[in-house]
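Working notes, structure below.
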Amino acid sequence: MRDTVLAMQSSRIREVANAALKNPDVLAFWFGESDEVTPAAVREAAVRSLERGETFYGHNLGLSELRDALAHYTSGFHPGDYSERIAVTSSGVNALMLATQLLAGAGDEVVAVVPVWPNLTQQPTMMGAQVKRVPITPDAQGVWHLDIQALTAAITNETKVVLVNSPNNPTGWTLTRDEQRALLEHCRRTGSWLVADEVYERMWFGAGRCAPSFLDIATAQDRLIVVHSFSKSFLMTGWRLGWMVVPQGGVLAQIGKLIEFNTSCPPEFVQHGGLAALAMGNDFVDGLVQRLRACRDLLLGRLQQLPGVTVAVPSGGLYAFLRIEGQHDSLALAKRLVAEHGLGLAPGVAFGPEGEGWLRWCFASRDPERLNRGVDRLARALKL
């Protein structure tokens with residue numbers, strides 16, 4: 001077995017969750033998903049597809065009608081023509097892996113903005129690339145900030161790929177438009193590829209219907225790959241369906257080759273679920289974001305009242321990222337909260353050493369009272 005794989009750290013979130021997944025008394029907020037089921041229209045579309053016997057191989061890049069629908073969906077939020085620029089993938093993480101396989105090989109330099117969902121940095125590591133980490137940092141109130149000059153200084157002519165996740169998992173930090181422009185223009189100068197994980201763009205609490213995207217300012221020829229997923233916006237985490245937007249030219253054909261050698265194609269009945277999700281229109285996602293905003297405000301309002309707890313209101317995403325005074329080992333703390341208090345949170349160290357000392361709390365809950373009970377358990381754990 002490869003030494004690189006043997007040396008990789010397994011998921012710290014799973015390490016906490018696996019010990020208590022069967023315990024019905026645990027209030028679990030560790031995974032990045034809502035506890036709402038996938039909408040009935042989506043489930044029914046997949047069932048109809050199965051009943052039609054659509055269980056065979058499909059096109060590597062996905063159903064043409066789904067690609068067309070995604071191009072139309074994307075152009076509704078970001079200017080441009082996205083036909084012949086869309087690949088449907090077997091999840092957002094699969095799209096990220098395909099982008100990594102396309103761009104980053106052994107010895108290549110990859111720059112990543114951290115802390116971040118660990119898959120984003122582990123994928124280039126698996127490919128033998130060297131990952132240079134550029135941290136965002138919190139202020140005294142728990143608000144995370146990017147030093148854009150430090151980031152651009154880290155990106156040189158030797159940098160093959162830049163990875164950025166915005167809105168960010170776990171912190172909720174989001175790139176500003178000025179920061180996006182500075183980063184894109186710098187990558188143009190160095191010739192670096194920019195891979196943007198924008199799966200939380202609709203999980204946005206600021207002005208407009210989505211967070212700032214690189215697609216708003218990039219040309220169709222820029223070395224930019226934007227990754228999306230049906231998981232968050234359409235409550236489809238278990239379906240494993242995503243897509244990617246690539247530059248015009250020959251990139252799409254190369255992605256098709258990589259899909260063939262990875263998964264061959266996304267399942268057709270799952271793609272019909274994706275078509276049904278897009279057909280629901282913006283009202284569904286807008287309503288979901290309203291519910292998420294209410295959950296966010298409830299949870300953050302209560303957490304900010306707990307002495308010794310530092311947490312800022314996130315501008316996007318599904319998470320509160322909190323720090324407890326005097327607690328520096330987030331994995332041990334998360335395990336103790338599960339075992340002794342029935343509260344399931346993700347340890348910050350799961351997102352890299354930059355997240356150590358913090359905990360991630362997913363606030364996507366259809367029952368606000370469940371969030372209240374979780375805060376009550378945390379308060380008891382802290383003996384408040």
Side-chain angles (χ1 to χ4, degrees), residues 7-18 28-33 92-93 96 110-125 131-147 150-151 154 162-175 196-197 199-200 203 232 296 299-300 303-304 306 308-338 343-364 374 378 381-382:
M8 290 173 60
Q9 178 69 53
S10 58
S11 170
R12 301 291 182 88
I13 303 173
R14 290 282 182 179
E15 185 176 340
V16 174
N18 285 346
F29 303 102
W30 38 46
F31 294 143
E33 61 181 353
V93 67
L96 288 167
V110 174
V111 170
V113 179
V114 292
V116 74
W117 186 49
N119 297 44
L120 210 64
T121 54
Q122 289 298 322
Q123 288 171 339
T125 299
V131 178
K132 183 190 297 184
R133 304 172 71 90
V134 177
I136 55 175
T137 55
D139 61 22
Q141 287 72 46
V143 179
W144 293 74
H145 302 275
L146 170 69
D147 184 338
L151 176 58
V162 178
L163 300 172
V164 62
N165 165 225
S166 171
N168 174 258
N169 174 11
T171 66
W173 160 82
T174 303
L175 277 163
D197 176 353
V199 302
Y200 294 98
M203 308 290 96
K232 314 299 180 180
R296 179 199 68 164
L299 177 63
L300 272 292
L303 289 175
Q304 289 177 333
L306 298 181
V309 173
T310 299
V311 61
V313 178
S315 58
L318 304 176
Y319 314 107
F321 206 47
L322 61 139
R323 179 174 56 195
I324 299 172
E325 186 177 357
Q327 300 292 330
H328 306 292
D329 187 334
S330 60
L331 181 60
L333 176 58
K335 288 181 175 180
R336 189 165 71 251
L337 288 173
V338 169
L343 178 61
L345 305 179
V349 72
F351 307 94
E354 303 81 8
E356 182 57 286
W358 295 74
L359 296 167
R360 190 193 72 176
W361 187 318
C362 179
F363 52 71
L378 178 60
L382 301 177

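A quick note: this is a predicted structure, and the numbers were derived from the prediction, not measured.
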Rounded distance [0.5 Å steps], CG in Leu343 versus CZ in Arg336: 12.0 Å
Nearest heavy atoms of Val116 and Val113, plus distance in Å: CB-O, 3.6 Å
Rounded distance (nearest 0.5 Å) linking atom CD of Gln327 with atom CG of Leu333: 5.0 Å
Heavy-atom side-chain proximity of Thr310 to Glu325 below 4.5 angstrom: no
Shortest non-hydrogen contact between Val111 and Ala154, atoms and distance: CG2-O, 3.8 Å
Test item: Gln304 side-chain N/O and Val311 main-chain N/O as donor-acceptor pair under 3.5 Å: yes
Least distance between heavy atoms, Pro353 atom then Arg133 atom: CD-NH2, 3.8 Å
Polar side-chain atom of Gln123 near backbone of Val93 as donor-acceptor pair, under 3.5 Å: yes
Thr125 OG1 to Leu120 CG distance, which is reported to the nearest 0.5 Å: 10.5 Å
Donor-acceptor under 3.5 Å (Lys232 side chain, Met203 main chain): no
Minimum heavy-atom distance Ala320-Leu303, with the two atoms named: CB-CD1, 4.3 Å
Main-chain N/O of Leu175 paired with Ser166 side-chain donor or acceptor, under 3.5 Å: yes
From Leu382 atom CG to Ile324 atom CD1, the distance as rounded to the nearest 0.5 Å: 5.0 Å
Derivation of the ring pair (Phe, Tyr, Trp, His ring centres under 6.0 Å) call for Tyr319 and Tyr200: CA-CA 11 Å; Tyr319 314 107; Tyr200 294 98; 5.8 Å; yes
Spacing of CZ belonging to Arg12 relative to CZ belonging to Phe351, to within rounding of 0.5 Å: 11.5 Å
Neighbour count >12 (heavy atoms, 6.0 Å) for atom NE2, His328: no
Working for side chain to side chain contact (heavy atoms under 4.5 Å, CB included), residues Ile13 and Arg360: CA-CA 10 Å; Ile13 303 173; Arg360 190 193 72 176; 4.1 Å; yes
Working for side chain to side chain contact (heavy atoms under 4.5 Å, CB included), residues Leu378 and Leu322: CA-CA 12 Å; Leu378 178 60; Leu322 61 139; 4.2 Å; yes
Non-hydrogen side-chain atoms of Pro138 and Trp358 separated by less than 4.5 Å: yes
Shortest non-hydrogen contact from Ile136 toward Pro115: CG1-CD, 3.7 Å
Thr137 OG1 to Trp173 CH2 distance, which is reported to the nearest 0.5 Å: 11.0 Å
Whether Phe321 and Trp144 hold their rings parallel, tilted or perpendicular, with breakpoints at 30° and 60°: tilted
Minimum side-chain heavy-atom gap Leu163-Asn165 below 4.5 Å: no
Side-chain heavy-atom pair Thr171, Pro314 within 4.5 angstrom cut-off: no
Full working for side chain to side chain contact (heavy atoms under 4.5 Å, CB included) between Leu359 and Leu337: CA-CA 11 Å; Leu359 296 167; Leu337 288 173; 4.0 Å; yes
Donor-acceptor pair, side chain of Ser330 and main chain of Val349, under 3.5 angstrom: yes
Donor-acceptor pair, side chain of Asn168 and main chain of Gly317, under 3.5 angstrom: no
Working for side chain to side chain contact (heavy atoms under 4.5 Å, CB included), residues Gln122 and Gln9: CA-CA 9 Å; Gln122 289 298 322; Gln9 178 69 53; 5.7 Å; no
